[in-house]
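One structure below.
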Amino acid sequence: MKPFLLNKLLAGLLVATATAANAYPTKPIKVIVPFSAGTVTDLLARELSQALAVVAKQPVVVDNRTGAEGSIGAQAVLNSEPDGHTIMFSSFSISVLDPFVKKTLPYDPVKDFTPVCGVAKIDNILNFSTSLPHKTVADFLADAKKQPGKFTFGYSSATTRLAGELFQQSAGIKLIGVPYRATVAGLTDVASGQVDLFFIDQTSAKSFYDTGKVKPMVVAGTQRLKSLPQVPSASEVGVPG
């Protein structure tokens with residue numbers, strides 16, 4: 001697996017594998033997003049849907065189906081008529097990571113879906129609750145090493161879960177993972193101090209940055225972002241990979 005797959009969100013289109021080819025499109029198109037509204041995946045899906053409606057000359061409707069780290073939305077696409085009128089817009093957590101991190105799945109991500117195109121690559125960010133007393137990642141790591149299992153990280157997909165797992169493995173600490181049906185619910189708990197950390201892209205977390213309750217601390221990659229120049233990369237803080 002290439003390194004960028006571990007710290008990037010790859011958003012793209014997938015459809016249930018078709019059994020026949022007909023004139024297309026002949027009716028409105030549904031774009032299922034297996035994650036909550038307001039996430040970068042949802043926002044990208046809505047932008048693409050507007051453009052697709054113009055090209056396809058058919059209404060395009062976005063339908064958020066959250067839960068089970070994206071599996072509920074994926075199952076809804078699989079159960080749809082395989083004629084291209086139901087599309088899944090998802091991160092690579094479903095198509096790439098799920099087979100590696102889940103023992104059983106109700107579908108085969110490779111055989112049951114046909115990838116259409118990639119859309120964007122976006123870095124995950126390690127976000128802290130501002131209720132934490134630590135001013136730097138180094139301070140947090142020192143405390144976490146002294147108190148294994150004290151701190152928590154939220155996740156809502158295989159992508160955000162893997163980021164947290166890799167972080168604690170690379171840093172040599174022990175965190176407790178807390179699953180969420182929707183990203184916004186996890187970030188809300190981070191903002192209130194009920195959960196300590198959450199790996200998610202800056203677009204999904206922006207409204208929480210604006211409230212000052214959630215703070216971006218580390219870019220899960222080798223370089224800083226132009227949009228967050230003050231936030232160091234994972235390599236800079238001594239947690240490469």
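Only heavy atoms go into these numbers, but all of them, side chains included; no hydrogens, no water, no symmetry mates.
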Backbone N/O of Ser233 and side chain of Arg224: donor-acceptor pair under 3.5 Å: no
Same apolar cluster: Phe35 and Val184, side chain cutoff 4.5 Å: no
Exercise: identify the closest heavy-atom pair between Leu141 and Ala171: CD2-CB, 3.7 Å
Sidechain-backbone polar pair: Thr160 side chain, Ser157 backbone, donor-acceptor under 3.5 Å: yes
Lys135 side, atom NZ; Met217 side, atom CE - distance, nearest 0.5 Å: 9.5 Å
Considering all heavy atoms, the nearest Pro99-Pro109 contact: CG-CG, 3.6 Å
Under 3.5 Å: donor-acceptor pair, side chain of Thr152, backbone of Asp196: yes
Chi angles and distances behind the side-chain contact (heavy atoms from CB on, under 4.5 Å) call for Thr203, Leu43: CA-CA 9 Å; Thr203 302; Leu43 296 175; 3.5 Å; yes
Trace of the side chain to side chain donor-acceptor pair (under 3.5 Å) decision for Gln50 with Glu47: CA-CA 5 Å; Gln50 292 179 6; Glu47 287 190 18; over 6 Å; no
Tyr155 with Ile122, same ILVMFWY side-chain cluster at under 4.5 Å: no
No-hydrogen, no-angle side-chain donor-acceptor test under 3.5 Å, Ser91 and Ser93: yes
From Thr222 atom OG1 to Asp123 atom CG, the distance as rounded to the nearest 0.5 Å: 8.5 Å
Validation row: Gln58, Pro28 side chains within 4.5 angstrom (heavy atoms): yes
Thr39/Thr41 under side chain to side chain donor-acceptor pair (under 3.5 Å): CA gap, chis, key distance, verdict: CA-CA 5 Å; Thr39 61; Thr41 308; 4.6 Å; no
Any Arg181 side-chain heavy atom under 4.5 Å of Ile72 side chain: yes
From Asn124 atom CG to Leu166 atom CG, the distance as rounded to the nearest 0.5 Å: 10.5 Å
Salt-bridge criterion met for Asp98 and Lys102 (N-O under 4.0 Å): yes
Side-chain heavy atoms of Val119 within contact of Leu48, under 4.5 Å: yes
Residue pair Glu81 / Thr86, side-chain donor-acceptor N/O under 3.5 Å: no
Least distance between heavy atoms, Leu187 atom then Ser204 atom: CD1-O, 3.7 Å
Working for side-chain contact (heavy atoms from CB on, under 4.5 Å), residues Val33 and Thr66: CA-CA 8 Å; Val33 178; Thr66 63; over 6 Å; no
Approximate separation, where rounding is to 0.5 Å, of Lys215 NZ and Gln230 CD: 8.5 Å
Single-linkage hydrophobic cluster Phe199~Val219, side-chain heavy atoms < 4.5 angstrom: no
Least distance between heavy atoms, Ala205 atom then Ile200 atom: CB-CG2, 3.9 Å
Minimum-distance pair of heavy atoms, taken over all atoms of Pro240 and Ser170: O-OG, 3.7 Å
Connected via hydrophobic side-chain network under 4.5 Å: Val231 and Phe128: no
Residue pair Ser131, Ser129: steps toward the side chain to side chain donor-acceptor pair (under 3.5 Å) verdict: CA-CA 5 Å; Ser131 64; Ser129 169; 2.6 Å; yes
Side-chain donor-acceptor contact under 3.5 Å, Tyr24 with Asp83: no
Side-chain heavy atoms of Ile29 within contact of Leu52, under 4.5 Å: yes
Under 3.5 Å side-chain donor-acceptor pair for Ser71 and Tyr107: yes
Rounded distance [0.5 Å steps], CZ in Phe151 versus CG in Leu175: 9.0 Å
Verdict with reasoning, Leu97 to Phe92, per side-chain contact (heavy atoms from CB on, under 4.5 Å): CA-CA 7 Å; Leu97 295 182; Phe92 73 76; 3.2 Å; yes
Polar side-chain atom of Asn64 near backbone of Val62 as donor-acceptor pair, under 3.5 Å: no
Under 3.5 Å side-chain donor-acceptor pair for Ser207 and Asp210: no
Side-chain (His85) to main-chain (Thr26) donor-acceptor, under 3.5 angstrom: yes
Minimum side-chain heavy-atom gap Thr188-Phe208 below 4.5 Å: yes
Backbone of Ala45 reached by a side-chain donor or acceptor of Ser49 within 3.5 Å: yes
Side chain Asp63, main chain Val31, donor-acceptor under 3.5 Å: no
Cluster check Val40, Tyr209: I/L/V/M/F/W/Y, side chain < 4.5 angstrom: no
Rounded distance (nearest 0.5 Å) linking atom CD1 of Ile176 with atom CG of Leu197: 11.5 Å
Test side chain to side chain donor-acceptor pair (under 3.5 Å) applied to Glu69 and Ser156, step by step: CA-CA 5 Å; Glu69 299 177 30; Ser156 56; over 6 Å; no
Atom of Glu165, atom of Phe153 and distance for their closest heavy-atom approach: OE2-CZ, 3.9 Å
Residue pair Val195 / Tyr180, side-chain heavy-atom distance below 4.5 Å: yes
Leu228 vs Gln202 side-chain heavy atoms within contact, under 4.5 Å: yes
Stepwise side-chain contact (heavy atoms from CB on, under 4.5 Å) check, Phe113 with Met88: CA-CA 9 Å; Phe113 300 100; Met88 177 165 59; 4.1 Å; yes
